[in-house]
2 protein chains.
Amino acid sequence: MNANRKFKDSIYEQFARISKALSSPKRLELLDLLCQAERSVELLAKLTGLSVANASQHLQVLRSARLIEAEKQGLFVIYRLADEQVRDLLYALRGLAEKRLTEIEHTTRQFLENHPGLEPVDRDTLRERVRSGAVTLIDVRPTEEYLAGHIQGARCIPLDELEKHLDRLPKDQEIVAYCRGPYCVLAVEAVERLRARGFKAFRLEDGVYEWQLLGLPIDAESPAA
Amino acid sequence: MNANRKFKDSIYEQFARISKALSSPKRLELLDLLCQAERSVELLAKLTGLSVANASQHLQVLRSARLIEAEKQGLFVIYRLADEQVRDLLYALRGLAEKRLTEIEHTTRQFLENHPGLEPVDRDTLRERVRSGAVTLIDVRPTEEYLAGHIQGARCIPLDELEKHLDRLPKDQEIVAYCRGPYCVLAVEAVERLRARGFKAFRLEDGVYEWQLLGLPIDAESPAA
DNA sequence: GCTATATTCAAGTAGTTTATCGAATACTTG
DNA sequence: CAAGTATTCGATAAACTACTTGAATATAGC
């Protein structure tokens with residue numbers, strides 16, 4: 001009977017390895033970035049605001065829980081998700097958090113109140129208008145994420161290079177920007193900058209994953225801008 | 001720009017609330033039990049081998065992450081899952097752990113080596129034979145779990161009361177026992193006891209949840225034994 | 001109102017773990 | 001070998017962990 005207890009304890013300890021690795025906000029953010037595209041330590045550190053050494057250690061934690069994999073490419077070490085199921089688990093976690101923790105909605109609403117007029121556009125009407133060409137859809141994430149996968153019909157206009165592309169964007173037509181998802185602020189920033197210059201810009205809340213879940217078309221590896 | 005960092009940090013902190021609550025083996029075990037049926041603190045403490053005070057504290061942690069709910073019923077406080085999605089998240093976690101952490105398979109195999117001949121029976125052939133009546137399927141979990149939901153056609157024979165039911169079990173026919181799932185040892189124990197008495201007993205690895213996922217029929221609230 | 005029972009609370013302990021930093025080290029490429 | 005990238009080491013301070021003990025609270029039945 002004591003052997004049973006020991007068996008159970010060691011099994012649940014293994015399960016807990018995964019959730020322990022997920023129990024740090026910074027690691028969740030790292031994983032979230034890796035859901036979009038694979039990346040080097042340095043880049044991940046910059047995107048999350050961590051020191052390189054610190055980011056590296058967080059990444060080791062995730063790796064020893066077998067959630068991500070590392071591959072050496074020349075000078076860089078490229079990290080990527082170890083399994084598609086990791087993405088699913090992460091989004092299940094996010095979904096449950098959104099549903100059960102009302103604080104998240106509060107925080108989001110508060111944030112959007114500081115950026116007035118940025119309520120997300122409706123997904124269904126958007127889809128219709130993208131199809132008919134009545135709307136220009138732009139993906140404002142870094143180019144490597146666009147390449148890894150983007151909504152069909154979207155143009156690749158990373159936020160950093162927004163100004164370069166201004167003359168190729170229509171002034172009279174609606175422009176809809178999207179990024180990594182509801183908690184990524186790239187699209188918010190993009191819309192604000194575009195509006196300041198007189199464009200009719202709006203924000204799509206979804207990211208590529210949400211779009212894909214709905215069975216909507218995704219393209220990859222075709223960097224047409 | 002600093003506001004963006006703050007926003008992200010507080011969002012990911014909320015997500016981490018959930019995974020922090022899941023990061024303890026004992027809490028995972030408690031949740032696992034609550035996936036089968038709602039229960040009082042005292043019972044949960046006994047089943048997990050925790051002191052009542054300690055179990056209560058773990059339950060508070062789960063509750064403050066909104067994963068479970070408490071309801072006072074007379075002297076007892078009954079805990080239950082707060083949402084179906086909690087079960088899904090838990091099983092997603094388990095699934096990923098099984099797939100990625102080979103240690104789990106090792107531990108399980110090692111455990112089964114100490115209980116020879118207890119390899120689980122095949123789910124598909126079982127189903128056929130249950131339907132045709134060539135097999136007696138028994139649910140050896142506590143009665144309250146059977147009532148909350150059991151595989152269609154299974155008889156309620158809690159492990160504690162196994163001996164009481166012996167004379168109503170067939171000696172010439174195969175008996176298949178199941179419990180909470182692959183890491184619950186009730187069925188293992190049941191099969192060993194039955195075999196010691198000359199029954200042709202086998203073990204089904206699945207629990208109710210796995211059965212349900214396969215779209216197979218579940219019954220509830222009909223305590224026919 | 002008294003008593004038995006179930007649960008929670010508060011406080012304390014001992015041990016572990018955490019995130020983080022800066023410097024040292026290892027590796028790769030030109 | 002020089003420059004750039006990543007990991008490791010050592011150390012720090014803080015925070016947190018699971019758990020125990022004993023008291024407090026709540027409820028039901030007598």
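The sequence lines fix the lettering, A, B, ..., with proteins before strands; numbering per chain opens at 1.
Within 4.0 Å (heavy atoms only), K72(A) reaches sugar-phosphate atoms of the nucleic acid but no base atom.
Electrostatic pairing of D206(B) and R123(B) counts as a salt bridge here, judged by a charged N lying under 4.0 Å from a carboxylate O. Contact check on E145(B) versus R39(B) returns a salt bridge, with a Lys/Arg side-chain nitrogen under 4.0 Å from an Asp/Glu carboxylate oxygen. For E189(A) and R193(A), the salt-bridge test passes: some basic side-chain N is under 4.0 Å from an acidic carboxylate O. A salt bridge is defined here as a Lys NZ or Arg NE, NH1 or NH2 lying under 4.0 Å from an Asp or Glu carboxylate O, and K99(A) with E84(B) fails to meet this definition.
When the C1' atom of dT5(D) is taken as reference, atom CZ of R39(A) falls 18 Å away, rounded to whole Å. If you take CD of Q57(B) and P of dT17(D), they are 12 Å apart, rounded to a whole angstrom. Straight-line distance from the CD atom of E42(A) to the P atom of dT7(D): 11 Å, rounded to whole Å. Taking atom CG of L28(B) as the reference point, atom P of dA18(D) lies 11 Å away to the nearest angstrom. R63(A) places its CZ atom 12 Å from the C1' atom of dT8(D), with the value rounded to the nearest Å. Protein atom CD1 of I68(A) is 13 Å distant from nucleotide atom P of dA6(D), rounded to whole Å. Taking atom CD on E29(B) and atom C1' on dA18(D), their separation rounds to 15 Å, with Å as the unit. Spacing between atom NZ of K46(A) and atom C1' of dT5(D) amounts to 14 Å, rounded to whole angstrom units.
Along DNA chain C, the nucleotide nearest to S56(B) and the one nearest to Q73(A) differ in position, and the one closer to the 5' end is contacted by S56(B). Comparing S24(B) and L75(A) by the nucleotide of DNA chain D that holds the closest heavy atom to each, the one mapping nearer the 5' end is L75(A). Residues S51(A) and K20(A) each lie close to DNA chain C; by heavy-atom proximity, the contact nearer the 5' end of the strand is made by K20(A).
Overall bending of the helix from dG1(C)-dC30(D) to dG30(C)-dC1(D), expressed as the angle between end axes built from five pairs apiece, is 40° (10° steps).
The one candidate from E29(B), R27(B), R63(B) that meets the side-chain hydrogen bond (donor to acceptor under 3.5 Å, both in side chains) condition with H58(B) is R27(B).
A donor-acceptor contact shorter than 3.5 Å is absent between the side chain of R203(B) and the backbone of A187(B).
For Q152(A), the CD atom sits in a packed shell: over 12 heavy atoms of surrounding residues, nucleotides or ligands are nearer than 6.0 Å. No more than 12 heavy atoms of other residues, nucleotides or ligands shown are found within 6.0 angstrom of CD on E105(B).
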Mind running side-chain contact (heavy atoms from CB on, under 4.5 Å) on L67(A) and R100(B) for me, showing each step along the way?
-> CA-CA 8 Å; L67(A) 297 175; R100(B) 303 286 317 160; 5.7 Å; no
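In 5' to 3' order, the nucleotides of DNA chain C bounding all contacts with chain B (an atom under 4.0 Å from a heavy atom) are dT5(C) to dC9(C).
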